[in-house]
Amino acid sequence: MGYVGIPAAVLFADIPGIEHVYGFQRDSTTSGYKIAMLNRGESPLKGEEPGLEPLLRKVVDAGTFSCTPDFTKIADCDAVCLAIQTPFLDPADLLPDFTPLIDGLRHVGKNLTPGMLVVLESTITPGTTAGMAREILEEESGLIAGRDFALAHAPERVMVGRLLRNIREHDRIVGGIEPVSTERAVELYTPVLTTGRVIPMTATAAEVTKTAENTFRDLQIAAANQLALYCEAMGVNFYDVRAGIDSLKGDGITRAILWPGAGVGGHCLTKDTYHLERGVQLAAEAAKARDIRLDYPEGRPSLYTLARDINDFMPAHMLHLTEAALGEAGKALSGATIALLGWAFINDSDDARNSPSEPYFKAATAAGAEVRVHDPWVDPATSPDLPSPDQPDGGLTMDLEQALAGADAVVIFTGHAAYRGLVPEDVKRLSGCERPVIVDGRNVVEPEEWVTAGFVYKGVGRGEWN
Ligand code: SAJ
């Protein structure tokens with residue numbers, strides 16, 4: 001019952017002809033609180049999620065949805081969908097942490113009955129559905145996939161802040177381990193979609209589609225980040241260049257350039273490249289026996305992992321900009337007070353998984369700075385991802401004035417709406433500094449206004465000011 005499972009469950013529960021949807025949630029110390037909340041019709045997801053809570057309340061009141069930690073109830077189901085996190089233990093050796101997913105698969109396998117459909121919605125290494133997942137389900141159930149039960153992959157394509165809309169309106173990729181499994185998955189997902197269409201393919205093709213679409217997005221962001229770094233070095237404004245490139249239109253020409261910034265976070269772009277890389281590595285190993293090999297320029301790195309490295313570099317770039325700006329104000333990083341604005345990885349959300357703010361927080365603290373973290377959405381009381389979990393408030397405040405008080409530098413990491421309205425004179429007064437510093441990692445402030453108010457300004461891609 002997370003960002004994917006909750007919206008998916010309530011949408012299924014609102015489909016005529018679907019008698020009941022069980023939302024399975026382990027009664028763990030960190031997440032068990034969700035069970036009672038959901039059964040009261042309350043969403044545990046903070047942040048703006050249009051339509052989610054009213055729909056949840058509706059299906060709870062209608063009795064078509066309930067949340068339970070009792071996995072034996074799986075045996076009563078016709079279909080089971082797994083939306084479980086699949087993080088990476090260590091990208092360097094391309095090893096994912098499939099422990100939570102394997103736990104889920106074992107629960108399903110132990111309660112699997114003939115004729116059931118099992119769908120993996122988690123983003124997984126290509127080859128996992130027909131490989132590891134099939135093996136565990138068959139081992140636990142004694143049944144055969146593709147004969148006694150159907151097995152498919154139907155990757156989620158949601159973004160926080162628009163969960164319901166994304167599920168209803170995005171086309172849905174579904175892929176079975178064999179044609180009947182694909183048909184069953186098409187049958188399951190079609191009623192949930194409004195404008196979206198179901199796109200059937202094989203399970204492995206569906207896995208590659210999902211990992212590749214996030215890898216390509218990450219690659220496009222890396223291209224924008226590299227160009228922004230180049231623009232800074234050449235003293236030009238990335239946003240002028242972007243508008244210029246974007247002007248080449250017509251005849252089907254699109255030059256879509258994404259946005260540079262303080263880094264790439266979240267549960268998806270930060271790991272899906274490695275799932276794709278691992279998939280081709282495993283496939284290449286398996287294919288060696290058949291003398292098929294991956295044909296790729298000898299000794300050259302993967303374009304995709306290079307893109308990961310560039311995007312992972314951006315928090316360090318933010319620190320370099322902070323240090324340079326403090327230097328211009330006659331201060332050092334060590335001993336400086338920094339107000340870090342934005343702990344969530346994406347604007348107007350409470351989702352702080354793999355936030356780019358974290359490596360900056362750690363590096364600035366290690367360099368002797370005192371870093372105060374502010375976020376209007378991430379609740380220190382419930383968020384699993386906090387700057388200093390050992391501190392009473394987790395090292396995070398939702399009080400902006402408290403974060404800005406006495407700050408030598410203000411560093412913007414997330415494009416929350418709350419930061420677009422910052423008034424330089426107010427921030428200067430709160431900082432109490434003669435020459436405070438502002439470092440904008442999301443291009444949310446107007447440099448001229450801040451420089452006029454006496455700030456040293458630095459911004460990602462803003463070479464004309466840096
Ligand atoms: N970001 C940039 N520049 C951009 C766009 C994003 O720096 O131009 C940063 C964001 O600030 C954020 C990170 O990248 O830190 C990820 O942002 P995102 O907008 O990609 O948000 P996600 O990761 O929640 O959503 C992606 C989406 N994937 C694609 O569009 C291909 C979404 O459709 C997927 O459902 C989601 O991953 C997922 O769950 O896989």
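Please read these numbers as outputs of a predicted model, since none were measured by experiment. Just follow the structure's listing: the first ligand is 1, and inside any ligand the first atom is 1.
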Looking at residues at least two apart in the chain, or sitting in another chain, which of them share a side chain to side chain contact (heavy atoms under 4.5 Å, CB included) with V241?
L227, C231, V236, I245
For T128, all residues meeting side chain to side chain contact (heavy atoms under 4.5 Å, CB included), sequence neighbours excluded
F98, I124, T125, M132, E207
Return yes if a side-chain donor-acceptor contact under 3.5 Å exists between E277 and S302, otherwise no.
yes
Would you list the atom pairs, donor with acceptor, under 3.5 Å between side chains in residues 408-415 and any protein atom, with sequence neighbours excluded?
unit_1, atom_1, unit_2, atom_2, d
D408, OD1, K331, NZ, 3.0
D408, OD2, T337, N, 2.7
T414, OG1, G342, O, 3.4
T414, OG1, A344, O, 2.8

Say whether S355 and S357, considering side chains only, have a donor N or O and an acceptor N or O under 3.5 Å apart.
yes
Check whether any side-chain heavy atom of V437 lies under 4.5 Å from a side-chain heavy atom of K458, and answer yes or no.
no
Contact set, ligand 1, heavy-atom distance under 4.0 Å, ordered by chain/number, equals E156, R157, V158, M159, K210, E213, N214, R217, I221, L258, W259, G263, V264, G265, C268, L269, F345, I346, R442
